[in-house]
Protein chains: 2
Amino acid sequence: MTQPDPTIASAPKLGRKRDHTRDPEILDAALAVLAETGYDGMTIDMVAARAKAGKATLYRRWPSKAELVIDAVACMKKNMHGNEPLPDTGTLRGDLVAMIKPHSLQESDTKLQIMAGLMSMISQAPELADAANEAIMKPRTELNRVLMRRAVERGEISPDCDIDTISMITPSMVAYRTLMLKKPVDREFLLSLIDGVVLPALGLGHETWSEALSS
Amino acid sequence: MTQPDPTIASAPKLGRKRDHTRDPEILDAALAVLAETGYDGMTIDMVAARAKAGKATLYRRWPSKAELVIDAVACMKKNMHGNEPLPDTGTLRGDLVAMIKPHSLQESDTKLQIMAGLMSMISQAPELADAANEAIMKPRTELNRVLMRRAVERGEISPDCDIDTISMITPSMVAYRTLMLKKPVDREFLLSLIDGVVLPALGLGHETWSEALSS
DNA sequence: TGGTTCCGATACTTGACAGTACCGTATATA
DNA sequence: TATATACGGTACTGTCAAGTATCGGAACCA
């Protein structure tokens, strides 16, 4: 809907300093509660309490609970901390492994909890699916795609590979494992995904590694 | 919880013919409503109405809405129609492609809608995750695993392949696409998955096909 | 036919939460 | 300092659904 951009306050004229200064805190609180309890379990009072705001303040700014959540998801992308620079180790496997970091696992888990909380809403408002994907899944997919494209240019993998599909393998299977299997996504699992699925699918199978090692 | 097994009626003695005869219809209705509206949107009245039963009948049999749903999911596996025989075309690709059938796509979609409806509940009752997986995801994964193991025995693919992980690719990505992307899962998508991901990951890349074709 | 038991329907109670109204206060402008 | 505005807090209303209570009818058995 609207952005919590504090730079375009609409003519305050008199009175308080600025409009809607608390928006970011409120949206963050909404995402946190959403991740913890899901859309249906979440109440406006919970969000207000966590943001140390009054319930009325939320309704002055957003017309309904649904709009608040939609706005929170839409703003999530911007509010996410700037991505660290891409790894560049020289090999695709090195790059993929370098992306496994505790911070990264943590952030991924949080985002997926939010996604889980959104599910019941998504089935009724499919346009929300786009926004959620844009903010939650796409960044990860895009990262993989870039790394793989570089590997193609480097000559490491064939340009015939279906990179668009293969770059979705890890995000999909991580989501599956987190949301439905309720199993932890740790370094070991991701390594088995890289070595057992992603690299073989790109033509970098076990036999190829030994070739690479001996050369 | 308990099974709707009509064979173990507990001593009717006098009066009506048998106990809990309507259980299967009620559980089916519960799954249908669950798929359509999700757990939170689902009301006991909806289930009762769809099963042409009284609300009190449901509460005579299950102590709460949650227990009803848990029971419905647990019984889903048994109530599913016996699986058709496995395809056996001689090649793994042939087998995998043979499993793409309209009926199969339809069933898969229904199951995933149920899974979506369960999500909000799963985050609060992780033991339900196991049951849901057993009934919804595992059958499909298991099918793939069997086909791939046969391919290993046949010498078509290497025994070093991580079959356990690779057999989950298709189910995961179909779930991802249906639940989060809200895009249709059609024959074309599944073919691109088989040819672009699964077979390459098993060492049956494009180059291998031409070899196979020319031999 | 009479008695027993389950079923479908409906009316009812209760609690939770979305959304509203209002009040006292803090703060920034003039 | 005076004033207008947004804020935090809280009390209120209306709705909706979970769960309960009850009743008439139907099926079954002796």
Side-chain angles (χ1 to χ4, degrees), chain A residues 1-2 4-6 8-27 29-30 33-34 36-72 117 120-121 124-125, chain B residues 2 4 6 8-27 29-30 33-34 36-72 117 120-121 124-125:
Chain A
M1 271 294 136
T2 25
D5 189 349
I8 51 162
S10 49
K13 288 182 177 176
L14 277 182
R16 206 57 187 302
K17 50 175 180 180
R18 205 72 84 66
D19 274 8
H20 305 317
T21 310
R22 304 289 319 279
D23 279 16
E25 286 103 310
I26 295 173
L27 293 172
V33 176
L34 189 61
E36 283 169 20
T37 70
Y39 178 77
D40 301 280
M42 151 184 172
T43 71
I44 296 288
D45 296 83
M46 287 184 202
V47 179
R50 178 178 283 247
K52 290 193 182 33
K55 186 158 62 153
T57 304
L58 303 200
Y59 280 105
R60 276 178 207 119
R61 179 72 182 73
W62 294 275
S64 72
K65 175 181 166 183
E67 300 266 1
L68 167 64
V69 169
I70 290 172
D71 209 17
S120 66
M121 217 184 160
Q124 284 159 3
Chain B
T2 26
I8 50 161
S10 49
K13 289 181 176 177
L14 277 183
R16 206 62 184 302
K17 50 175 180 180
R18 203 72 82 71
D19 275 6
H20 305 317
T21 310
R22 302 287 320 279
D23 278 17
E25 286 103 310
I26 294 173
L27 293 172
V33 176
L34 188 62
E36 283 170 19
T37 70
Y39 177 75
D40 301 281
M42 150 182 172
T43 70
I44 296 289
D45 295 86
M46 285 185 204
V47 179
R50 180 179 284 247
K52 290 194 180 36
K55 185 159 62 153
T57 304
L58 303 203
Y59 279 104
R60 277 179 206 119
R61 180 72 182 71
W62 295 275
S64 72
K65 175 181 164 183
E67 301 266 3
L68 167 64
V69 170
I70 290 172
D71 208 17
S120 66
M121 216 184 161
Q124 285 160 1

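Within every chain, numbering begins at 1; the chains are lettered A, B, ... in the order of the sequence lines, protein sequences first and strands thereafter. In what follows, every heavy atom counts, from backbone to side chain, and hydrogens, waters and symmetry copies are set aside.
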Engineer: What I want to check is whether the side chains of B:S120 and A:D40 have a donor and an acceptor closer together than 3.5 Å.
Structural biologist: no
Engineer: Just the rounded figure in Å: distance from C1' of C:dG8 to CZ of B:R60.
Structural biologist: 8 Å
Engineer: May I ask you to test the A:L27-A:W62 pair for a side-chain heavy-atom distance under 4.5 Å?
Structural biologist: yes
Engineer: Expressed as a whole number of angstroms, how long is the span from B:K52:NZ to D:dA26:C1'?
Structural biologist: 18 Å
Engineer: Using a 4.0 Å heavy-atom cut-off, write out nucleotides 10-18 of chain D from 5' to 3' as B (base contacted by protein), S (sugar-phosphate only) or - (no contact).
Structural biologist: -B-----SS
Engineer: Out of curiosity, B:R22 CZ to B:R61 CZ, how far, rounded to the nearest 0.5 Å?
Structural biologist: 13.0 Å
Engineer: For the pair made of CZ in A:R50 and P in D:dG8, what is the distance, rounded to whole Å?
Structural biologist: 16 Å
Engineer: D:dC7 phosphate, OP1 or OP2: any side-chain N/O from A:R61 under 4.0 angstrom?
Structural biologist: no
Engineer: Tell me whether the OP1 or OP2 atom of C:dC7 has a side-chain N or O from B:T57 closer than 4.0 Å.
Structural biologist: no
Engineer: Would the distance check show the side chain of A:K52 and the main-chain N or O of A:E25 forming a donor-acceptor pair, the cut-off being under 3.5 Å?
Structural biologist: no
Engineer: Let me confirm one number: the OG1-CD1 distance from B:T57 to B:I44, rounded to the nearest 0.5 Å.
Structural biologist: 11.5 Å
Engineer: Going by heavy atoms in the side chains, are A:I70 and A:M121 under 4.5 Å from each other?
Structural biologist: yes
Engineer: Figure out the CG/P separation between B:L58 and C:dC6, and round it to whole Å.
Structural biologist: 16 Å
